[in-house]
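Order of the sequence lines fixes the chain letters, A, B, ..., with proteins taken first and strands second; residue numbering starts at 1 for each chain.
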Amino acid sequence: MKKRIKAHISSQLDAAEVPVTKPKDSSFGHFCTPVAFSLAKVYRKSPHAIAEELCEKLLHGELFDKVEHLSGYVNFTLSDRFLDEFATAALRDGDRFGEQSEGESILLEFVSANPTGPLHIGHARGAIFGDVLMRLGRHLGYQITSEYYINDAGNQVDLLARSLHFKGRAELLGEAVAFPPECYQGEYILELAKKAQAHFGEAIFQPEADLSALRDWAKDEMMAWINDTLKEAGIVFDRFVSERSLYDRWDDTRQALEKRGALYTDEAGKVWLASSQKGDGKDRVVVRESGEPTYLAGDIIYHGDKFARGFDRYINIWGADHHGYIPRVRAAIDFLGYDPERLEVLLSQMVALLKGGDPYKMSKRSGNFVTMEEVGQEVGYDALRFVFLTKRADTHLEFDIDLLSKEDSSNPIYYVNYAHARICSLFEKSEHAHSDMAEVHLSDLGHDAKELLFSAMLLPEVIDDAFHTRQVNLMTDYLYKLAGKVHRFYTENRVVGNEKEAQFLKILAVSALSIRLGLKLLGITAKERM
RNA sequence: GUCCCGGUAGCUCAGUCGGAUAGAGCGUAGGUUUCCUAAACCUAAGGCCACAGGUUCGAACCCUGUCCGGGACACCA
């Protein structure tokens with residue numbers, strides 16, 4: 001909608017880019033532009049005089065009812081006819097309302113949690129953020145592939161195997177072994193050890209047992225668990241990439257890097273990536289003295305692999321604690337001959353959970369953190385999604401789990417769902433059917449009705465903004481405000497039996513569409529009845 | 001020390017590309033239902049936008065510096 005307005009104004013003004021925004025006060029109109037202020041300098045006239053001239057130029061055509069100027073601003077009011085046509089089109093589009101065909105291909109990597117323990121609440125945030133970004137992007141026509149990188153090589157998974165081994169010896173075989181402090185704690189280790197015993201027999205806990213078999217088995221078990229959790233949350237990945245599986249390509253990658261002078265070997269025999277040449281704070285080890293590659297080596301192969309697949313853009317969602325890692329990966333991409341600008345790393349910040357004002361209890365099962373599973377079961381993923389998405393992913397989030405158990409306006413998901421359910425109930429009560437709405441034409445709408453309709457039709461702009469700025473909170477803000485307008489309208493206007501019943505229903509139908517579709521893009525199913 | 005995120009109402013946070021009188025929810029105090037779902041609505045109180053400079057027609061927003069809080073700075077992943 002805004003694009004059409006903008007194009008219209010630009011063409012009338014013969015200017016390339018005209019800023020179009022929403023007025024502070026809705027009584028001024030639907031859109032406004034402060035362009036007279038910047039033109040004032042060019043033409044050496046007062047903003048007021050320029051705004052006045054613009055008004056006359058712009059009033060032609062069927063788009064606007066009113067074009068007025070006020071203290072330098074030019075305010076536009078859309079015509080009923082334009083709003084009506086747009087509403088009919090929106091209802092016809094249904095779930096495809098606001099779809100576009102951008103066409104760029106994007107590889108979106110997120111979660112990528114180590115398969116050494118259950119997902120915690122911080123992972124949940126990144127997972128939901130990534131999932132929603134994907135849904136929004138796909139709606140806009142981006143071809144998005146989602147990927148989970150499994151860190152199934154290196155010390156962490158070895159440590160998982162050792163943890164199980166110790167736990168098995170100590171708890172299941174009753175040996176007096178001291179549990180090393182670096183090992184994973186938490187009851188899930190014992191549960192998994194029991195499972196291992198059932199699977200392998202007691203031999204797996206013998207001192208000389210083959211830990212690599214235990215490791216591979218345990219890693220698969222953990223991934224299955226992680227996957228179950230994600231599935232429950234409605235998150236599905238297109239691909240999983242195993243770090244371990246990449247290492248047979250290390251030699252090729254190494255040669256490619258060497259050819260570009262990216263690597264050097266020190267006296268001790270360690271191989272370094274000269275990442276400081278490409279903006280990193282210092283060089284990084286990629287092969288240890290032992291000849292074993294570091295984690296970075298795997299990530300270099302992985303990113304080389306990603307870029308070789310030829311996507312237009314790459315997005316990684318990482319926990320904020322990895323932010324220092326960005327320059328070295330960018331450097332490696334650069335060394336491999338790819339454009340590091342195509343990689344965008346979004347950071348998902350920490351989550352602090354409270355319950356009744358106090359820090360949420362640590363989970364016994366996980367050892368020292370709250371799991372995604374527990375919170376998902378306690379508050380439900382619809383509520384969890386909505387709350388996580390109300391804040392930008394890159395800022396700290398603190399929230400109280402008790403808020404999500406309340407069933408009133410302090411719980412935003414209820415508020416939004418209730419607005420949707422109310423509209424559904426009106427359609428049940430009314431003689432008019434949803435399918436009749438295209439035949440209904442809007443005219444002589446009051447300010448409130450017009451305002452609600454206008455808000456409801458802004459969904460495409462919001463989807464666009466939310467995706468391109470990566471600020472998914474714009475969606476939740478919008479839905480919450482739209483729901484508020486629905487509630488207000490409902491309170492102030494008796495719909496069924498009203499002489500404008502059909503018209504009101506059409507407006508509410510568009511509102512319900514935007515709420516339902518908006519929630520759908522957040523991975524939430526709108527309630528039709530509460 | 002370096003880097004990242006933040007500091008806006010009692011609390012949790014919005015604030016678009018710099019634009020009109022800085023907004024919402026919770027909480028607090030009051031009010032609204034013979035009527036489509038009161039899980040709602042309305043009203044009120046509540047602000048040195050951390051601080052100091054700068055940029056300009058205009059700054060919560062951009063720049064510089066300072067203070068405070070959280071996090072990261074591995075041959076772990």
How far does the [atom1] atom of [N] sit from the matching atom of [M], given to the nearest Å?
N	M	atom1	answer
B/G30	B/C68	C1'	38 Å
B/G54	B/C61	P	14 Å
B/A60	B/A9	P	15 Å
B/G27	B/C11	C1'	7 Å
B/A14	B/G47	C1'	15 Å
B/U33	B/A40	C1'	11 Å

[N] [atom2] sits how many Å from [X] [atom1], rounded?
X	N	atom1	atom2	value
A/Lys282	B/C73	NZ	P	11 Å
A/Leu397	B/C5	CG	P	17 Å
A/Asn316	B/A77	CG	P	18 Å

Hey, does [X] reach any base, or is it just sugar-phosphate, or nothing, if we go heavy atoms under 4.0 Å?
X	answer
A/Gln471	sugar-phosphate
A/Asp464	nothing
A/Ala419	nothing
A/Gln349	sugar-phosphate
A/Ser425	base
A/Glu243	sugar-phosphate

Using 30° and 60° as the class boundaries, would you call the ring planes of A/Tyr148 and A/Phe240 parallel, tilted or perpendicular?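 The rings of A/Tyr148 and A/Phe240 sit tilted, inter-plane angle from 30° to 60°.
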
Evaluate A/Leu133 against A/Val472 for side chain to side chain contact (heavy atoms under 4.5 Å, CB included), listing each step before the verdict. CA-CA 7 Å; A/Leu133 214 50; A/Val472 176; 4.0 Å; yes

How many angstroms lie between CG in A/Leu458 and NZ in A/Lys481, if you round to the nearest 0.5 Å?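 That separation rounds to 11.5 Å.
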
Phosphate-side-chain proximity, [X] and [N], N/O vs OP1/OP2 below 4.0 Å:
X	N	value
A/Tyr415	B/C26	no
A/Arg392	B/C5	no
A/Arg422	B/A40	no

Proximal nucleotide (of B/C36, B/U16, B/A77) relative to the A/Arg328 side chain: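 Among the listed nucleotides, the one closest to the side chain of A/Arg328 is B/A77.
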
NZ/NE/NH1/NH2 to OD/OE distance under 4.0 Å, A/Lys219 and A/Glu243: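 A salt bridge is absent here (no side-chain N lies under 4.0 Å from a carboxylate O).
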
Is A/Glu109 paired with A/Lys306 through a side-chain N to carboxylate O contact shorter than 4.0 Å?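 Looking at A/Glu109 together with A/Lys306, the answer is yes, because their closest N to O distance falls below 4.0 Å.
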
B/C41 base to A/His487 side chain: any donor-acceptor pair below 3.5 Å?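 Answer is no: no donor-acceptor pair is held.
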
In dot-bracket, 5' to 3', how would RNA chain B read with Watson-Crick or G-U wobble pairs under 3.5 Å, [ ] for crossing ones and | for pairs to another strand? (((((((..((((.....[...)))).(((((.......))))).....(((((..]....))))))))))))....

Pair A/Glu292-A/Tyr247, side-chain hydrogen bond (donor to acceptor under 3.5 Å, both in side chains): steps then yes or no: CA-CA 10 Å; A/Glu292 227 184 324; A/Tyr247 280 109; over 6 Å; no

